[in-house]
Amino acid sequence: MSLTTNLVETKPQPTGQTPAAIDIRAMIGLFTAVVLILDSHSWFYRTTSLAVFMAVAFSSKARTSPWLWLGISILWAHRLIFRWYDNEDHIYLAIYWCTSLGLAYAGDDDLKVLAVNARLLIGLTFAFAFFWKVSTPDFRDGALMHYKMLFDYRLRQVVGEDIGRLSAQQTSTNLNRLRSIRALGSDVNEVRLEYPPSFSFVASLMTYWTIAIEGLLAVVFLAPDREMTSRIRNGALMAFSLTTYAIVPVLGFGSLFMTMGLAQCRPNQHRTRLAYMGCQILLLLSLAPTLIAHLH
Amino acid sequence: MSFIRKFAVPLVLITVAVNHIYRHFALQQSAWGAGCGFGMFSTVDYHDTRFYRCYLRTKQGRLPISVATELADADRKARVLPTADNMTKLASQLAQTLPDLVPQTVECDSLSRTPNDCRIDSLQLELWRMQIEPATHTLRSQLLRQVEVPCQKGFAK
């Protein structure tokens with residue numbers, strides 16, 4: 001069965017309920033396959049993720065096959081065991097998610113199981129992220145945000161220079177001083193950094209915003225599923241993903257959150273699902289400048 | 001069966017993350033990324049900001065060298081989990097990559113007085129971490145761990 005024919009669900013709907021216009025399983029499968037492609041950094045992972053994408057795009061049986069998702073989990077999990085020191089958090093989360101898909105499709109109440117898994121995985125991810133941040137002194141005092149806004153070019157360009165008013169001269173001085181510590185044979189262990197008061201203000205603001213939004217996401221995703229909680233969690237997750245991953249394009253993470261967000265929507269939240277799909281497309285479009293620059 | 005399908009994966013996530021938190025506090029494992037406790041963007045000290053200072057020890061003093069790029073795997077592992085074992089493995093592998101007679105580019109001649117002075121006694125590997133004090137605008141490096149392995153090599157005269 002092709003994807004096009006699946007875009008409209010043909011099952012009769014209960015009275016008073018808007019017909020679902022999207023095949024949720026197809027969208028979850030396709031988005032997960034896109035996440036796997038984004039997380040692929042070698043020919044083995046590219047090949048397997050493309051194979052999953054093709055299977056999911058062209059076969060409705062494949063996209064709900066527990067064997068496909070459990071198989072890809074097993075194929076990818078060896079990197080977590082044998083090269084555990086070389087994987088970032090979103091790789092783990094993607095593999096956890098594929099395993100959840102496999103387990104969900106092994107029974108009848110697949111969408112219900114997927115929703116529970118998605119909510120718990122997102123909630124736990126942010127609960128642990130929140131724990132690290134509040135328990136680490138150099139996050140709480142703004143040191144991490146200062147460091148990233150000074151030396152991570154993505155945050156420096158968008159936040160440090162444009163909003164924090166860090167000048168090009170100060171950037172150049174700071175980079176040279178960092179190099180002086182790390183240079184071969186250096187015995188320099190302390191340097192002074194240059195940045196204006198507005199820079200520290202922005203760093204503090206980002207620190208408090210991060211603690212607040214990640215704490216909120218942990219609470220609302222781990223709280224019992226109620227209509228109001230659900231609205232807050234969807235809005236907060238989309239706001240977090242768009243504001244974070246547009247600046248720091250870890251699209252494997254952003255795209256995965258949108259996929260899991262889509263999967264945990266309540267049955268009547270058709271517009272919210274469309275919003276998740278829109279955010280997913282926006283995040284993928286943010287890759288365009290990088291791809292064009294790469295091609296040039 | 002339904003319980004496993006709903007809660008098995010979240011329970012695995014919790015187990016792995018708690019293990020990472022333990023290893024971070026007990027073994028100084030990098031909070032960020034590897035190990036998966038979801039500690040990304042939480043601290044300045046993580047494997048990408050940690051860096052090495054490496055020296056060849058001779059009778060005349062110590063000479064800095066860089067960590068060979070072909071040891072990227074052991075290099076990353078020791079920065080992520082800087083146990084004495086991982087550091088010693090990296091230092092030993094680095095010592096093995098040195099030729100029997102180290103080329104003169106390390107300027108042994110400027111140090112040595114006799115051929116015996118040109119012998120390398122050991123290789124010293126130090127792992128450093130970065131710290132920032134926002135209030136004082138200070139960027140500081142701090143020694144995290146160091147190891148020393150014997151190295152029976154010499155300089156080309």
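Residue numbering restarts at 1 for every chain, and letters A, B, ... go by the order of the sequence lines. Given the structure is predicted, the values throughout are model-derived calculations rather than measurements. All heavy atoms count here, side chains included; hydrogens, waters and symmetry mates do not.
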Checklist entry - Among residues 93-100 of chain A, which residues come closer than 4.5 Å to chain B, judged by heavy atom distances? => result A/Leu93, A/Tyr96, A/Thr99, A/Ser100
Item to check | Salt-bridge present (A/Asp109, B/Arg5; N to O < 4.0 Å) | outcome: yes
Item to check | B/Thr43 backbone acceptor or donor facing A/Asp138 side chain under 3.5 Å | outcome: no
Checklist entry - Looking only at heavy atoms, what is the nearest atom pair of A/Gly142 and B/Pro134, with distance? => result C-CG, 4.1 Å
Item to check | Side chain / backbone / both / neither for B/Val44 at chain A, heavy atoms under 4.5 Å | outcome: both
Checklist outcome for this item: NZ (B/Lys6) and NZ (A/Lys112) are apart, to the nearest 0.5 Å, by 5.0 Å
Item to check | Interatomic distance, B/Phe38 atom CZ to A/His90 atom NE2 [nearest 0.5 angstrom] | outcome: 10.5 Å
Checklist entry - Okay, side chain of B/His137, backbone of A/Arg192: is any donor-acceptor separation there less than 3.5 Å? => result no
Item to check | Criterion side chain to side chain contact (heavy atoms under 4.5 Å, CB included) on B/Leu13 and A/Thr125, from CA distance to verdict | outcome: CA-CA 8 Å; B/Leu13 183 151; A/Thr125 298; 4.2 Å; yes
Next on the checklist: With rounding to the nearest 0.5 angstrom, report the CZ to OG1 distance, A/Phe151 to B/Thr49.
Outcome noted: 11.0 Å
Checklist entry - So which residues of residues 198-220 of chain A are in contact with chain B at a heavy-atom cut-off of under 4.5 Å? => result none
Next on the checklist: With a 6.0 Å cut-off on the ring centroids, do B/His20 and A/Trp84 count as close?
Outcome noted: no
Checklist entry - Where on B/Asn86 is there a heavy atom nearer than 4.5 Å to chain A: the side chain, the backbone, both, or neither? => result neither
Checklist entry - Between A/Glu194, A/Arg140, A/Met145, A/His146, which shows the greatest number of heavy-atom pairs under 4.5 Å with chain B? => result A/His146
Next on the checklist: Can you tell me how far apart SG (B/Cys36) and CG (A/Asn87) are? Round to the nearest 0.5 Å.
Outcome noted: 9.0 Å
Item to check | Exceeds 12 heavy-atom contacts within 6.0 angstrom, atom CG of A/Asp108 | outcome: no
Next on the checklist: Heavy-atom pairs under 4.5 Å with chain A: which of B/Gln29, B/Arg79, B/Met40 has the most?
Outcome noted: B/Met40
Next on the checklist: Just so I know, are the side chains of B/Phe41 and A/Asp89 near enough to count as touching, which here means a heavy-atom distance under 4.5 Å?
Outcome noted: no
Checklist outcome for this item: Checked A/Ile91, A/Leu150, A/Val188 vs chain B; the most non-hydrogen pairs under 4.5 Å come from A/Val188
Item to check | A/Leu178 vs B/Met130, side chain to side chain contact (heavy atoms under 4.5 Å, CB included): CA-CA, chis, key distance, verdict | outcome: CA-CA 10 Å; A/Leu178 174 67; B/Met130 305 300 289; 3.6 Å; yes
Checklist entry - Under a 4.5 Å heavy-atom cutoff, which of B/Ala135, B/Gly39, B/Cys54 has the most pairs with chain A? => result B/Gly39
Item to check | Side-chain heavy-atom pair A/Asn117, B/Phe7 within 4.5 angstrom cut-off | outcome: no
Checklist entry - Using non-hydrogen atoms only, which part of B/Ser2 is less than 4.5 Å away from chain A: side chain, backbone, both, or neither? => result side chain
Checklist entry - Only one of A/Val191, A/Asn189, A/Asn174 forms a side-chain contact (heavy atoms from CB on, under 4.5 Å) with B/Leu139, so which one is it? => result A/Val191
Next on the checklist: Within the supplied structure, the quantity of interest is the number of heavy atoms (other residues, nucleotides, ligands) at a distance under 6.0 Å from B/Leu143 CG; does it exceed 12?
Outcome noted: yes
Checklist outcome for this item: Turns out that what part of A/Leu155 lies under 4.5 Å from chain B's heavy atoms comes down to side chain
Next on the checklist: So for B/Phe3, is it side chain, backbone, both, or neither that comes closer than 4.5 Å to the heavy atoms of chain A?
Outcome noted: neither
Checklist entry - Out of curiosity, A/Arg177 CZ to B/Thr138 OG1, how far, rounded to the nearest 0.5 Å? => result 11.0 Å
Next on the checklist: Is the ring pair B/Phe25/A/Trp132 parallel, tilted or perpendicular, if the boundaries are 30 and 60 degrees?
Outcome noted: parallel
Next on the checklist: If I measure from the heavy atoms of chain A, does B/Ile14 come under 4.5 Å with its side chain, its backbone, both, or neither?
Outcome noted: both
Next on the checklist: For the CZ atom on A/Phe44, are there more than 12 heavy atoms of other groups (residues, nucleotides or ligands in this structure) within a distance under 6.0 Å?
Outcome noted: yes
Checklist entry - How many angstroms lie between CD in A/Glu190 and CD in B/Gln131, if you round to the nearest 0.5 Å? => result 10.0 Å
Next on the checklist: With side chain to side chain contact (heavy atoms under 4.5 Å, CB included) as the criterion, how do A/Leu120 and B/Val9 come out once you've worked through the C-alpha distance, each side chain's angles and the decisive distance to 0.1 Å?
Outcome noted: CA-CA 9 Å; A/Leu120 286 174; B/Val9 178; over 6 Å; no
Next on the checklist: Quick test of your reading of the model: are A/Arg83 and B/Asp73 salt-bridged, counting only N-O distances below 4.0 Å?
Outcome noted: yes
Item to check | Which portion of A/Lys148 sits near chain B, non-hydrogen atoms under 4.5 angstrom | outcome: side chain
Item to check | Top contributor to chain B contacts, counting heavy-atom pairs under 4.5 Å, from A/Thr136, A/Asp152, A/Leu80, A/Ile181 | outcome: A/Ile181
Next on the checklist: When you compare the side chain of B/Leu81 with that of A/Tyr85, does any pair of heavy atoms fall below 4.5 Å?
Outcome noted: no
